[in-house]
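Input: a single structure, listed below in structure tokens.
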Amino acid sequence: MAVRKIIRMGHPTLRAVARPLTEDEIGSDAVQHLTADMIDTLHDYGGIGLAAPQVNEPIRLAIIEIPGGDTRYGEIEALPLTVFANPELEIIDTATGGYWEGCLSVPGLRGYVERPQHIRVTARNLKHELISLELKGFLATVFQHEFDHLDGRLYIDHLKDPTKLVFDEEFERYVAPFEAAPFAEAEY
Ligand code: ZN
């Protein structure tokens, strides 16, 4: 296992559509090894989600881990570390809600993005088992952000108001004191 380098905005892999994993690849030694590296990388960088393209592997694989309890992420339901191969995302309700998002591939910046807040996700894990989750609120945002990485999209593509893209320090100084910004410190 090893910590990989997370590639940053401007690297072409972040703008490419990743390819699906074949049946044989899911659960293969190579994908198990990559997933172990992605988990190490996620923990080293201190994020809550990581997609394979962010470590320059253009395949449809992502991990998400939301700490529970009284963490800095507050009241959000915990999600233990889960691996998603070839995920599909369905919007259940198009009503949107906004969060200040942060991305491990766009370090140092925060941006306010509105997304649908009720979705369903289906995917395989590395044992070929079907995963199906219904997600609301911030978790719905996290999954859409993470799976966007598999289609070459970044959160900045969803900004409606370009003045709501700010550096971390300015966010702490000029935004956080004046508006509720739950989970704004999360990166994924
Ligand atoms: Zn991201």
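Being a predicted model, the structure only gives us computed values, none of them experimental. Whatever order the structure lists ligands and atoms in, that order sets their numbers, starting from 1.
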- Task: Spell out the protein N/O/S atoms under 2.8 Å from the Zn ion (ligand 1) as residue plus atom name.
- Result: Cys103 SG, His145 NE2, His149 NE2, Tyr188 O
- Is a side-chain N or O of Asn86 found less than 3.5 angstrom from the main chain of Leu21, in a donor-acceptor match? yes
- Message: Can you pull out every side chain to side chain donor-acceptor pair (under 3.5 Å) where at least one residue sits in residues 163-172? Sequence neighbours excluded, please.
- Response: Arg110-Asp168, Asp161-Thr163
- In this structure, which one of Gln54, Glu187, Glu65 forms a side-chain contact (heavy atoms from CB on, under 4.5 Å) with Leu42? Glu65
- Check: Leu104 main-chain N/O paired with Tyr188 side-chain donor or acceptor under 3.5 Å: no
- Message: Can you confirm whether Arg19 is buried at CZ, in the sense that more than 12 heavy atoms of other residues, nucleotides or ligands lie under 6.0 Å from that atom?
- Response: yes
- Query: Quick one: do Asp157 and Arg15 make a salt bridge, cutoff under 4.0 Å?
  - Reply: yes
